[in-house]
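This report concerns only the one structure given below.
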Amino acid sequence: MIMAVSFTRYGRLYYLDPGGHSPKVGDKVLVPTEAGPEVAECVWAPQWVSEDVEGLPVCAGIAGEEQLERDEGNRRRRAEARSVSKRLIRRHELPMKVVGVDYLDSDNVYTVYFSAPHRVDFRALVRDLARNLRARVELRQIGPRDEARLQGGIGPCGRDLCCATFLKDFEPVSVRMAKDQDLPVNPLRIAGACGRLMCCLKYEHPLYQEFRASAPRVGLTVDTPEGEGTVVGHNVPSDSVVVRLADGGRRCSCSRASVCSPRRQHDERYGERDGGGDNVEE
């Protein structure tokens, strides 16, 4: 059994073992964390999955009135800290942008996440924040990808950002992946909300690599079930090759498994080597 929760609406999903509880979608549940049980909203009700998933934290139960009041108080403190941070940043004239605020009520510690074009001397700002919030304050500068993860948003595909929903780690993405998938190498077309290359370029890249390793290259003459022709394109999602037939110039789409090079091309390349000059007559 597995369930999914989110600490913020439309935020990143966290998976739990429901244990002996059966929360419904929308219920507030307690999630075990390093700082103790925290309140989150059930997004997926407990359901059976075919895979064996181990190591999931166990749901601590349905949130009670006391936990809900504590969670609401922490939300108000985070909102207040965000407002105070923006006001003091303007006062100190620092090139910073507040992205998110965390609050640990057990230690009375605020963590303010911000983005900036370069390193910022915020020592005076930290002192003012601690004095205004009456708590210990930590400032952490984050990059564009983490900024997009914390803020969330909608990607070019029309869905919630992967980094804000299910991605745990950022894997390296290169322009070569876009070229291998025949995508336009245009920053406006292959960049995500963070301004960096889209993480989803990596999802199907192994499939394209495997296809290109075994499929005939563009321009090669091949035999197909409909006759001989020349490869003019690839269609990786459908695992097929586009061939322009020599008879009439018509194009056809053939599965990769049904397309092979003509025998004479094989003989031209390997015939002399294989034959070795040894001819046997019956």
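We're numbering straight along the sequence, starting at 1. Worth saying up front: this structure is predicted, and the values here are computed from it rather than measured.
Side-chain atoms of Arg136 do not come within 3.5 Å of backbone N or O of Ala130 as any donor-acceptor pair. The backbone N or O of Gly64 sits nowhere less than 3.5 Å from a side-chain atom of Glu69 that would complete a donor-acceptor pair. Checking side-chain atoms of His205 against main-chain N and O of Cys200 turns up no donor-acceptor pair under 3.5 Å. Using modelled atom types, one side-chain atom of Gln181 and one backbone atom of Met177 make a donor-acceptor pair closer than 3.5 Å. In this structure a side-chain-to-backbone donor-acceptor pair under 3.5 Å is present from Asn108 to Arg134. Judged purely by atom type and a 3.5 angstrom limit, Glu93 has no side-chain atom pairing as donor or acceptor with the backbone of Arg90. With Asn186 contributing its side chain and Leu188 its backbone, the two residues share a donor-acceptor pair below 3.5 Å.
When the shell of 6.0 Å around CZ of Arg189 is examined, it contains 12 or fewer heavy atoms from other residues, nucleotides or ligands. More than 12 heavy atoms of other residues, nucleotides or ligands lie within 6.0 Å of CZ in Arg87, so this atom counts as buried by the packing criterion.
Rounding to the nearest 0.5 Å gives a distance of 9.5 Å between OG of Ser174 and NZ of Lys179. Ile89 contributes atom CD1, which lies 11.5 Å from atom NZ of Lys97 (distance to the nearest 0.5 angstrom). Here the CG atom belonging to Leu139 is positioned 13.0 Å from the CZ atom belonging to Arg123, to the nearest 0.5 angstrom. To the nearest 0.5 Å, the span separating NZ on Lys28 from CD on Glu41 amounts to 4.5 Å. Distance check: Gln67 CD to Leu30 CG gives 5.0 Å after rounding to the nearest 0.5 Å. From Leu56, atom CG reaches atom CD1 of Ile2 across 5.0 Å, with rounding to the nearest 0.5 Å.
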* To do: Please test Glu138 against Arg140 for salt bridge (charged side-chain N to carboxylate O under 4.0 Å, His left out), starting from the C-alpha separation and ending with a verdict.
  => CA-CA 7 Å; Glu138 297 178 0; Arg140 295 183 184 178; 3.3 Å; yes

* Audit row: Asp160, Ile154, side-chain contact (heavy atoms from CB on, under 4.5 Å) steps and yes/no -> CA-CA 5 Å; Asp160 293 328; Ile154 304 297; 3.2 Å; yes

* From CA spacing to verdict: side-chain contact (heavy atoms from CB on, under 4.5 Å), Glu228, Thr221 -> CA-CA 7 Å; Glu228 187 176 289; Thr221 302; 3.8 Å; yes

* Using the side-chain contact (heavy atoms from CB on, under 4.5 Å) rule, take Val241 and Phe211 through it: C-alpha gap first, then chi angles, then the decisive distance, then the call. => CA-CA 10 Å; Val241 177; Phe211 182 92; 4.2 Å; yes

* Residue pair Ser83, Ser85: steps toward the side-chain contact (heavy atoms from CB on, under 4.5 Å) verdict -> CA-CA 5 Å; Ser83 176; Ser85 299; over 6 Å; no

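When side chains are defined from C-beta on, Ser240 does not count as touching His234, because their heavy atoms never get closer than 4.5 Å. The side-chain heavy atoms of Val243 and Val232, taken from C-beta on, include no pair separated by under 4.5 Å. Taking 4.5 Å as the limit, every side-chain heavy atom of Leu245 sits out of range of all side-chain heavy atoms of Arg251. Here the side chains of Leu150 and Tyr113 are in contact, with some heavy-atom distance below 4.5 Å. With contacts defined as side-chain heavy-atom distances shorter than 4.5 Å, the pair Val99/Gln151 qualifies. Considering only heavy atoms from C-beta on, Pro46 stays 4.5 Å or farther from His21 through its side chain.
Of the listed residues (Glu80, Lys86, Arg78), just one forms a side-chain contact (heavy atoms from CB on, under 4.5 Å) with Arg82, and that residue is Lys86.
Between Arg131 and Asp128 a salt bridge is recorded (basic side-chain N to carboxylate O distance below 4.0 Å). Between Glu38 and Arg70 there is a salt bridge, since a side-chain N of the basic residue sits under 4.0 Å from a carboxylate O of the acidic one.
Between Phe122 and Phe114, the ring planes are perpendicular. Angles over 60° get that label, and only those under 30° would be called parallel.
Cluster note: Val29 groups with Met3, Val5, Phe7, Tyr14, Leu16, Val31, Ile62 through ILVMFWY side-chain heavy atoms spaced under 4.5 Å, whether in direct contact or through intervening members.
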